[in-house]
Amino acid sequence: MPNRLADATSPYLLQHAENPVDWWPWGPEAFEEAERRGVPVLLSVGYAACHWCHVMAHESFEDAGLAEYLNERFVAVKVDREERPDVDAVYMEAVQAATGQGGWPMTVFLTPDKEPFYFGTYFPPQPRHGMPSFRQVLEGVDAAWRDRRQEVGEVAGRIRADLAERAAVYSAGAHHPPGDADLHQALVALSREFDQTRGGFGGAPKFPPAMVIEFLLRHHARTGSEAALEMAVRTGEAMARGGIHDQLGGGFARYAVDADWVVPHFEKMLYDNALLLRVYLHLWRATGSELARRVTLSTADFLLRELRTPEGAFASALDADSLDEETGASAEGAYYVWEPGQLVDLLGPADAATAARLFTVTADGTFEHGTSVPQLLADPEDFAEYEEIRRRMFEARASRPAPARDDKVVAAWNGLAIAALAETGALLDRPDLVEAAERAADLLLAVHLTPDGRLLRTSRDGRPGTNAGVLEDYADTAEGFLALYAVTGEAEWLQLAGGLLDTVLKHFTDEASGALYDTADDAEELIRRPQDPTDNATPSGWTAAAGALLGYAAYTGSDRHRTAAERALGIVGALAGRAPRFIGWGLAVAEALQDGPREIAVVGPADDPATAALRRAALLGTAPGAVLAVGAPGEAAAEVPLLADRPLVGGAPAAYVCRHFACEAPTTDPAALGARLGVVLE
């Protein structure tokens, strides 16, 4: 019989709707029930594509005997971290503070007042590797709750006080935006952690450092630093050639479990692929790398082919697990890996040998049970042969049982995808990608934007969810709309971005310090208001908002928005030298602030090839965070201040390059414009 999760819109919650555990969704009713019964709350947090969440569900939450014990002594609450990042952030901070590590599934025990007092992640069904079984954990917590209630209360109080103390360090008021010395210090710190042999930063597991690469590219563009460019290029190439990159179908897995980028954790997330799509586009723009161009296009095609929903937005993720055709059991990576014999059966001995050499499919294997994850360690000598083999392998793979898809639409991640697709379509002459970006943006407007201008975080099947948008939703959606304006010239996108950013200023900003909160001032009250300027898998909402505010100010001349961006960037200066890997997007935005950012106005008739040539030169420019407005003289000035008072020059289309609305002499020459903006490509 289905439990209370049966009506959820979250695919993750629906995965648990048939559990014998009497799950409650997060909400006041669950905590009122715990208070009424005098029992603690078990909070279990995960997401649909999480491998170990599935494992713990099968081992423990589907066990009728364990469920009976759990239901009798606890109120069990299940949360999708992607729907409720605020709940996840608050309790994950507590888990990390108490245990020194975190991850999902996250398992936290709370008082009926939502205060945490015992923590963990995955617990096995039987004791192993020094971990207690989940049943032992439940019995221990139950005994402590019944027999040592005062001690439980003291622990909960200490944790709450510690969280409040941690929050105090995020005041930006004592800091200034990072200057050139701070950004150089960040570069030096990154160089110390850079893996000279394998690319990337630190050791295993290795996550794709998209935000850090963006900083490195912007720093190189502004300063000419070859060290910054080398780290960006070597990391980009290492990921592109490794198993973390799907060599057959495009796109990237969540992370590599090893330091060489060979074996991925096979789940594919929208946010990773949106961020990496934009990064590889910028790598191509900065270097002309054909590898970067191929990766850019294959990643864009992956998004459209496998993550686009019928409504035109983009789904959240593909699962790591799928059915193994030989065993019939669910297995991680089964969809993606190959054995030499499979290549022979598909291609014949000669082409199989070529495929094995191209994609490093070996007899010993690079993954489990003698299977290999395809890599492309060097470019093929014969691209036509390579493409034919890749096509046949891809088509054969498509007949395998596919990983499940988490098809909920998250506003923030769609904002990232909109920005990446719009820019890619414009720069690589793929109008279908720009159209896809516009269609996703239209879905956000129709389903996620409420009549009072507020955003909802999620939707599914065109039906809005109930959870309020958090800071990253407003910031990343605004970023996507600003990119759409730059590409399409439709002023509505600029105005919509401004409306979202006004909400950020009104509801998410601490007026005294300029610091930003992850939740609005009228959102549900948790044990503390979540706030974090550091990046995780996505840019922090704090610095993403700073970037969008800075870009909007460059278009409009708004001192209010620019000042808010500068104040928000204060925390970046404090963290630049100490933790640059975790403040990458903030550093990238700071590069834009140092550079101006450039404000580029191209004026001329829309159908004039000279206007198009100037527009393309501007889009190809590497100047950090540059904004672009294109319009006929006089027509759009009222809607876009950057275009005001910009006449043609000698009757010809012209480009104006400005900083803080102080402009250089206009030019009608695309080559001269490109030289000003750091264009690399011919």
Side-chain angles (χ1 to χ4, degrees), residues 177-203 206-241 261 275-293 295-296 420 423 427 534-535 539-540 543-544 546-547 550 569 572-598 620-626 674-681:
D180 190 64
D182 298 305
L183 296 170
H184 177 71
Q185 187 180 18
L187 180 70
V188 171
L190 285 170
S191 68
R192 288 195 292 265
E193 297 187 65
F194 180 62
D195 186 333
Q196 296 282 350
T197 304
R198 307 173 183 89
F201 300 88
K206 270 190 175 168
F207 290 81
M211 290 79 82
V212 169
I213 294 176
E214 185 66 32
F215 159 63
L216 293 170
L217 290 174
R218 290 185 178 192
H219 190 75
H220 167 71
R222 185 178 65 84
T223 69
S225 168
E226 290 301 322
L229 183 62
E230 181 186 5
M231 284 190 281
V233 168
R234 290 181 66 181
T235 300
E237 180 167 358
M239 292 191 301
R241 296 198 180 282
W261 307 103
L275 289 164
L276 288 167
L277 170 59
R278 205 174 187 188
V279 158
Y280 277 96
L281 177 70
H282 294 171
L283 272 167
W284 167 78
R285 186 174 65 181
T287 65
S289 162
E290 181 57 29
L291 175 62
R293 184 180 185 276
V295 172
T296 300
E423 285 190 4
L427 283 172
T534 60
D535 299 328
S540 78
T543 56
L550 186 64
L569 288 173
V572 179
L575 296 175
R578 289 188 291 147
R581 285 174 58 189
F582 305 102
I583 198 77
W585 190 250
L587 294 169
V589 175
E591 287 289 344
L593 181 66
Q594 281 288 301
D595 198 62
R598 316 286 178 94
L620 286 170
T622 59
R676 294 183 189 180
L677 300 175
V679 173
V680 173
L681 304 172

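A quick note: this is a predicted structure, and the numbers were derived from the prediction, not measured. No hydrogens, no waters, no symmetry mates; every other heavy atom, side chains included, goes into these values.
Contact record, Pro597 with Gly625: CB-O, 3.4 Å, taken as the closest heavy-atom pair. For the residue pair Ala544 and Pro539, the shortest heavy atom distance occurs at CB-CB, 4.3 Å. The minimum heavy-atom distance between Asp182 and Pro177, with the atom names listed, is OD2-O, 4.5 Å. Contact between Pro580 and Ala189 at its shortest, heavy atoms only, is CG-CB, 3.6 Å. Closest approach of Asp195 to Gly202, counting heavy atoms only: OD2-O, 4.2 Å. Nearest heavy atom pair, residue Trp284 against residue Ala292, reads N-CB, 3.8 Å.
In this structure, the side chain of Lys206 does not engage the main chain of Met239 through any donor-acceptor pair within 3.5 Å. Side-chain atoms of Asp535 come within 3.5 Å of backbone atoms of Ser540 as a donor-acceptor pair (strictly under, hydrogens ignored). Using a distance-only test at 3.5 Å, with no hydrogens or angles considered, a donor-acceptor pair links the side chain of Trp261 to the main chain of Arg198. Judged by distance alone, the side chain of Thr622 and the main-chain N or O of Gly678 form a donor-acceptor pair under 3.5 Å. The main-chain N or O of Gly621 is never found under 3.5 Å from a side-chain atom of Arg598 such that the two would form a donor-acceptor pair.
Between the CD atom in Glu423 and the CZ atom in Arg285 there is a gap of 6.0 Å [rounded to 0.5 Å]. Atoms CG and OG1, on Leu183 and Thr223 in that order, are 9.5 Å from each other to the nearest 0.5 Å. Rounding to the nearest 0.5 Å gives a distance of 7.5 Å between OG1 of Thr235 and CG of Leu216. Distance check: Thr296 OG1 to Leu291 CG gives 9.0 Å after rounding to the nearest 0.5 Å. Between the CZ atom of Arg293 and the CG atom of Leu281 there is a distance of 10.5 Å, given to the nearest 0.5 Å. In this structure, OG on Ser191 lies 10.5 Å from CD on Glu230, to the nearest 0.5 angstrom.
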List the steps, then state whether side chain to side chain contact (heavy atoms under 4.5 Å, CB included) holds for Arg578 with Ile583.
-> CA-CA 10 Å; Arg578 289 188 291 147; Ile583 198 77; over 6 Å; no
Any chance you could lay out the side chain to side chain contact (heavy atoms under 4.5 Å, CB included) test for Ser289 and Val233, step after step, and finish with the verdict?
-> CA-CA 9 Å; Ser289 162; Val233 168; over 6 Å; no
I would like to know whether Leu575 and Phe582 meet side chain to side chain contact (heavy atoms under 4.5 Å, CB included); could you show each step before the answer?
-> CA-CA 9 Å; Leu575 296 175; Phe582 305 102; over 6 Å; no
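Side-chain contact between Leu550 and Val589: present, with at least one pair of heavy atoms (C-beta onward) separated by less than 4.5 Å. Looking at heavy atoms from C-beta onward, His282 lies out of side-chain contact with Ile213 at the 4.5 angstrom threshold. Looking only at side-chain heavy atoms (C-beta outward), Leu275 and Glu214 stay at 4.5 Å or farther from each other.
Just one residue in the list Arg222, Gln594, Gln185 forms a side-chain hydrogen bond (donor to acceptor under 3.5 Å, both in side chains) with Asp180, and that residue is Arg222.
Here Arg218 does not pair with Asp595 in a salt bridge; the nearest charged N to carboxylate O distance is not below 4.0 Å.
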